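Before any comments, here is the structure.
The chain is numbered in sequence order, starting from 1. All of these numbers come straight from a predicted model, not from anything done at the bench.
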Amino acid sequence: MVTKLEAFKSPRFIGKPLLADIEFFDSLEKVDKFATDTGIKIFVTSSTRLQGGVVSGAIVRPASRSNHLVGHGIDMNVSLGDKLFNSNDLDKNNLKNLPKEIQNFIQSIRNDPMLRWGGDFTPADSVHIDDGLNVRDAATWDAKFPIIQSEMRALSQPNSISGQPRILFLTDPPMRGDDVLAVQKALIQKGFSLKADGVFGAATDNAVTAFQEKQGLTADGIVGPGTRKALGL
């Protein structure tokens, strides 16, 4: 077993950063292929989570042994053309009314022997995709849980060991620190209205994304080297 939290990146995955256990990457690559084959994009709304964290916009109560807690699940909307299809659109009872591209994407997930679409769960969670690790291999889920949770907790704290700026983005619970405060102050100086409290919450995420779009940067809400430089930090 190899367990490590890393960012999965692909042009087909848009929206929020996708943090996952590297042993979930094979499944994500299959999802990526299904998206490519059907011409849709996956708008990520949530990936790996801290236990007890508030899940904004959740359509079902988070499970105590959720695959999100070990980096083996994502929540998403589906983007096709200029429209975003959310949980109501993706409801199992509405599948026949969806564009064929989305129907084929979801069916590809359902046909895969490892992947699961949350629309088939009880209660249904139509924006969820995972690999069923919590039910097919409970012992591995148990072994991964403390490792992934430890790495998630480390992400929420300032990097005082290496001295290198950490990458900032929206997490649950949110990142906190002087580096977040510096970004907020820089955004305020650029004309954005938000509270400089050192907490990278939804308002900061929205401001960063709007700033990136205005600057012609990738509008993903992630404060990396490029966005930091554009902010003058």
Side-chain angles (χ1 to χ4, degrees), residues 5-49 55-60 62-63 66-68 70-133 169-172 202 205-206 208-210 212-213 216-222 224:
L5 191 65
E6 290 190 359
F8 181 87
K9 296 181 180 180
S10 163
R12 286 285 160 184
F13 284 82
I14 59 177
K16 300 305 177 187
L18 200 174
L19 292 177
D21 176 27
I22 58 173
E23 289 195 335
F24 187 48
F25 275 30
D26 284 348
S27 293
L28 290 172
E29 286 167 2
K30 287 193 287 185
V31 176
D32 181 77
K33 181 181 184 303
F34 298 153
T36 301
D37 290 346
T38 55
I40 62 99
K41 289 188 176 182
I42 301 160
F43 189 97
V44 179
T45 58
S46 179
S47 54
T48 305
R49 300 173 185 159
V55 183
S56 59
I59 63 172
V60 299
S66 167
N67 284 312
H68 285 287
V70 294
H72 280 245
I74 65 169
D75 286 349
M76 52 87 212
N77 291 165
V78 174
S79 175
L80 179 63
D82 59 357
K83 183 174 180 181
L84 200 63
F85 294 80
N86 61 21
S87 58
N88 291 327
D89 300 314
L90 299 174
D91 185 270
K92 187 175 182 177
N93 294 323
N94 190 52
L95 282 181
K96 63 181 182 297
N97 299 318
L98 292 173
K100 281 295 183 182
E101 294 91 338
I102 299 178
Q103 291 186 41
N104 292 338
F105 170 72
I106 292 175
Q107 194 58 47
S108 295
I109 300 292
R110 299 169 90 180
N111 289 342
D112 187 88
M114 186 77 71
L115 293 170
R116 305 190 305 172
W117 173 54
D120 290 324
F121 294 179
T122 303
D125 188 0
S126 60
V127 297
H128 180 83
I129 298 171
D130 71 24
D131 63 356
L133 181 65
F169 51 91
L170 186 64
T171 59
D172 286 319
D205 172 66
N206 291 337
V208 168
T209 303
Q212 291 170 325
E213 187 172 5
L217 301 170
T218 300
D220 56 9
I222 304 173

- [ ] Apply side-chain contact (heavy atoms from CB on, under 4.5 Å) to Leu90 and Ile106, showing your working.
- [x] CA-CA 9 Å; Leu90 299 174; Ile106 292 175; 4.2 Å; yes
Task: Nearest heavy atoms of Leu19 and Ser47, plus distance in Å - done: N-OG, 3.0 Å
Task: Ile129 CD1 to Met76 CE distance, which is reported to the nearest 0.5 Å - done: 4.0 Å
- [ ] State which residues pass side chain to side chain contact (heavy atoms under 4.5 Å, CB included) with Thr38; sequence neighbours excluded, sorted by chain then number.
- [x] Ile40, Asn104, Phe105
TODO: Could you walk me through whether Asp75 and His68 pass the side chain to side chain donor-acceptor pair (under 3.5 Å) test, one step at a time?
DONE: CA-CA 9 Å; Asp75 286 349; His68 285 287; 3.2 Å; yes
TODO: Let me see the working for Phe121 and Arg116 under side-chain contact (heavy atoms from CB on, under 4.5 Å), right down to the final yes or no.
DONE: CA-CA 9 Å; Phe121 294 179; Arg116 305 190 305 172; 3.6 Å; yes
TODO: Measure from the side-chain N and O atoms of Asp89 to the backbone N and O of Asn86, and report whether any donor-acceptor pair falls under 3.5 Å.
DONE: yes
- [ ] Mind listing the closest non-hydrogen atom pair of Lys96 and Gln103 along with its distance?
- [x] O-NE2, 3.5 Å
Open item on the list: I want to check something: taking the side chain as every heavy atom from C-beta on, are Leu95 and Gln107 in contact at a cut-off of under 4.5 Å?
Closed with: no
- [ ] First locate atom CZ of Phe13, then atom CG of Leu18, and finally report the distance between them rounded to the nearest 0.5 Å.
- [x] 6.0 Å
Task: Salt-bridge criterion met for Lys30 and Asp131 (N-O under 4.0 Å) - done: no
- [ ] Can you see which heavy atom on Ser27 is nearest to which on Leu115, and at what distance?
- [x] CB-CD2, 3.7 Å
Task: Gap between atom CG of Asn77 and atom CG of Asn88 - 0.5 Å precision - done: 10.0 Å
- [ ] Please report the shortest heavy-atom distance between Pro99 and Leu80, naming the atom on each side.
- [x] CB-CD2, 3.7 Å
Open item on the list: Measuring only between side-chain heavy atoms, which start at C-beta, is Leu28 closer than 4.5 Å to Ile74?
Closed with: yes
- [ ] Mind telling me whether His72 and Phe24 have parallel, tilted or perpendicular rings, with 30° and 60° as the class edges?
- [x] tilted
TODO: For Ile14, check side chain to side chain contact (heavy atoms under 4.5 Å, CB included) against everything at least two apart and list the hits.
DONE: Lys41, Phe43, Ser79
TODO: May I ask you to check whether over 12 heavy atoms, not counting those of Glu6, lie within 6.0 Å of atom CD?
DONE: yes
Task: Glu29 side chain reached by Phe8 side chain, heavy atoms, under 4.5 Å - done: yes
TODO: Indicate yes or no for a side-chain donor-acceptor contact from Ser87 to the backbone of Val127 under 3.5 Å, with no hydrogens or angles considered.
DONE: no
Open item on the list: According to side chain to side chain donor-acceptor pair (under 3.5 Å), who are the partners of Asn206, at least two apart in sequence or on a separate chain?
Closed with: none
Task: Interatomic distance, Thr209 atom OG1 to Leu217 atom CG [nearest 0.5 angstrom] - done: 11.0 Å
TODO: Please round to the nearest 0.5 Å and tell me the distance separating atom OG of Ser126 and atom NZ of Lys92.
DONE: 11.5 Å
- [ ] Test Val78 against Leu98 for side-chain contact (heavy atoms from CB on, under 4.5 Å), laying out the working first.
- [x] CA-CA 11 Å; Val78 174; Leu98 292 173; over 6 Å; no
Open item on the list: To check you understand the geometry: which heavy-atom pair defines the closest contact between Ile42 and Ala35, and what is its length?
Closed with: CD1-CB, 3.9 Å
Task: Approximate separation, where rounding is to 0.5 Å, of Thr45 OG1 and Leu170 CG - done: 11.0 Å
Open item on the list: For a quick test of reading the model, state the closest non-hydrogen atom pair linking Ile222 to Gln212 and the distance between them.
Closed with: O-NE2, 2.8 Å
